[in-house]
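So the structure is just underneath, and the comments pick up after that.
Order of the sequence lines fixes the chain letters, A, B, ..., with proteins taken first and strands second; residue numbering starts at 1 for each chain.
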Number of protein chains: 2
Amino acid sequence: MTQATRRERDRAGTDREIRQQARALLVNDGPAAVTLRAIARELGITAPALYRYYDSREDLIEHLRADVCDDLTVELGNDLVEIAETDHVGQVLAICRGFRGWALAHPQEFALVFASPAAAGVHCPVTTPGTAKDSFGRIFLTVAGRVLANGLPITRPGVEVPDALVPDLTTFRDELLRTIAESGVDLHPDQLGVDTAYVMLQFWVRLYGQVALEVFGQFPFPVTDPTPLFESMLADLISDVGL
Amino acid sequence: MTQATRRERDRAGTDREIRQQARALLVNDGPAAVTLRAIARELGITAPALYRYYDSREDLIEHLRADVCDDLTVELGNDLVEIAETDHVGQVLAICRGFRGWALAHPQEFALVFASPAAAGVHCPVTTPGTAKDSFGRIFLTVAGRVLANGLPITRPGVEVPDALVPDLTTFRDELLRTIAESGVDLHPDQLGVDTAYVMLQFWVRLYGQVALEVFGQFPFPVTDPTPLFESMLADLISDVGL
DNA sequence: GCGGGCCGGTAAACACCGTTCACTCGTTGG
DNA sequence: CCAACGAGTGAACGGTGTTTACCGGCCCGC
């Protein structure tokens with residue numbers, strides 16, 4: 001038994017080393033440098049050995065994506081603990097800023113996880129629970145859940161939900177309720193209507209869009225410091241959802 | 001002379017074929033399939049021959065980007081001519097919808113031009129005039145110029161321009177004035193203030209963000225038809241800039 | 001205690017890739 | 001007519017992902 005465990009631990013250990021090296025290559029030299037042979041070289045083994053751990057390079061990359069997501073999640077979690085338990089708006093700000101900061105600090109990872117044309121077909125977070133990206137989405141939802149549970153409604157006075165979106169939004173709302181409940185927050189279903197789900201969707205769209213634009217530098221002119229632009233957008237966003 | 005021209009034409013012809021094939025490979029099999037050898041194979045020549053036309057694969061890709069931008073530009077131009085000359089808001093809607101439609105129809109090209117991590121460092125459109133992306137930006141600005149010239153102010157009542165952005169925005173404003181003047185639209189400088197430049201920036205950020213999100217499918221839940229979402233955002237956007 | 005099986009790792013090979021170099025050969029211009 | 005040019009070739013180098021056959025130490029059951 002102990003030997004079996006030992007073997008398992010060895011395997012898990014080198015597996016960790018593999019992903020660690022892959023990660024280092026990604027960060028330092030870009031995605032093109034994440035090469036089976038390069039990884040193996042750094043580890044002092046040969047490339048085919050990696051096939052004992054992953055089916056293919058693409059498989060390894062996918063696990064790398066998951067690692068990256070997990071890191072983002074814990075980083076956001078760390079940011080969160082520094083905010084007062086009762087400062088719910090502050091918590092929302094913290095994860096938004098944390099997400100942006102992480103994306104700017106890790107553009108390669110961001111592109112890999114959030115802007116790969118390959119990821120286009122994948123509907124990840126809530127639909128396929130257990131996915132790594134899911135855990136990242138969960139932290140957003142947990143905070144949203146806390147906000148809602150404290151009686152702050154997330155909505156906009158004159159919000160009009162397009163009819164065509166109501167079915168999808170209803171499904172989403174149910175997903176949200178379940179996820180929030182799982183995270184230990186008590187929330188009455190009436191506190192999360194379709195309008196709230198819609199506003200949350202819009203919130204994410206704008207946050208994601210701003211961050212993507214910044215990461216890819218797609219400004220129409222050179223911006224010396226994009227931070228004020230982000231903060232201004234964030235303030236708009238917060239007030240738009242009624243916080 | 002005619003012979004020299006003939007040679008030139010031959011060269012230009014095979015050059016067109018090269019980019020055409022590269023384009024086809026990009027669309028059909030993704031960016032990874034855009035291979036010098038594959039292109040050459042399709043053309044019935046050998047890979048080193050391509051070096052008579054481009055310095056490297058990266059060089060070819062860059063020209064491909066330019067081609068893609070040009071295509072987008074003419075496509076948007078075609079969409080525009082179908083709108084009544086006087087319907088300025090309609091023209092704005094047309095290019096926004098056209099941009100989205102193009103991006104969704106050509107995700108690979110969109111990723112290549114607008115969401116390549118490589119493009120992060122490049123400040124393209126206005127700063128480096130003559131760039132292909134510039135021509136694409138120009139079509140936006142021309143329409144904006146026409147709207148402004150017709151007395152419709154692009155701004156928001158309570159807009160607050162962050163102080164830190166004023167210098168950049170002023171430069172941007174001057175660029176805008178110059179570009180709009182070049183496009184033959186008569187515009188008094190007072191009709192394009194820093195606030196307008198800021199609002200136009202925000203407009204672009206939201207448009208780009210929404211499109212990128214759609215192209216990469218980064219919705220937090222499966223959306224059966226994202227069009228209503230886009231249209232709702234577009235309506236918001238139009239009313240936000242005071243049209 | 002010992003033999004068989006499992007499993008991480010290796011070496012060699014295959015088919016690609018970008019890129020360089022020396023070379024051909026038809027066209028062009030003086 | 002002949003030299004120069006320039007598009008295209010073939011071979012080569014070093015790199016890549018992936019497959020295959022093989023080795024060798026460790027674990028388990030007999």
**Item:** Aromatic contact, A:F114 with A:F99 (centres under 6.0 Å)
**Value:** yes
**Request:** Answer yes if the ring centres of A:F140 and A:W204 are under 6.0 angstrom apart, and no otherwise.
**Result:** yes
For [X] and [N], give me the distance from atom [atom1] to atom [atom2], rounded to whole Å.
X     : N      : atom1 : atom2 : value
B:I61 : C:dG18 : CD1   : P     : 9 Å
A:D29 : D:dG15 : CG    : C1'   : 15 Å
A:R11 : D:dC27 : CZ    : C1'   : 16 Å
A:E17 : C:dG8  : CD    : P     : 15 Å
A:D15 : C:dG9  : CG    : P     : 11 Å

**Request:** Any salt bridge (charged side-chain N to carboxylate O under 4.0 Å, His left out) involving residues 208-230 of chain B? Give me the pairs, sequence neighbours left out, ordered by first then second residue.
**Result:** B:R100-B:E214
**Complete:** Contacts satisfying salt bridge (charged side-chain N to carboxylate O under 4.0 Å, His left out) that involve residues 199-213 of chain B (not counting sequence neighbours) are B:R206-B:D240
**Asked** Among pairs that include at least one residue of residues 12-58 of chain A, which meet ring-ring contact (aromatic ring centres under 6.0 Å, His included), considering only residues two or more places apart or in two chains?
**Response** A:Y54-A:H63
**With B:D59 via salt bridge (charged side-chain N to carboxylate O under 4.0 Å, His left out) - residues at least two apart** = none
**Message:** Is it the case that the side chain of B:D15 and the backbone of B:R11 share a donor-acceptor pair, with hydrogens and angles ignored and the cut-off at 3.5 Å?
**Reply:** no
**Nucleic acid contacts - residues 33-41 of chain A versus DNA chain C, non-hydrogen atoms under 4.0 Å** = A:R37
**Prompt:** Taking DNA chain C as the partner, which of residues 42-58 of chain A come within under 4.0 angstrom of it by heavy atom?
**Reply:** A:G44, A:I45, A:T46, A:P48, A:A49, A:R52, A:Y53
**Prompt:** Salt bridge or not for B:R37 and B:E42, using N-O below 4.0 Å?
**Reply:** no
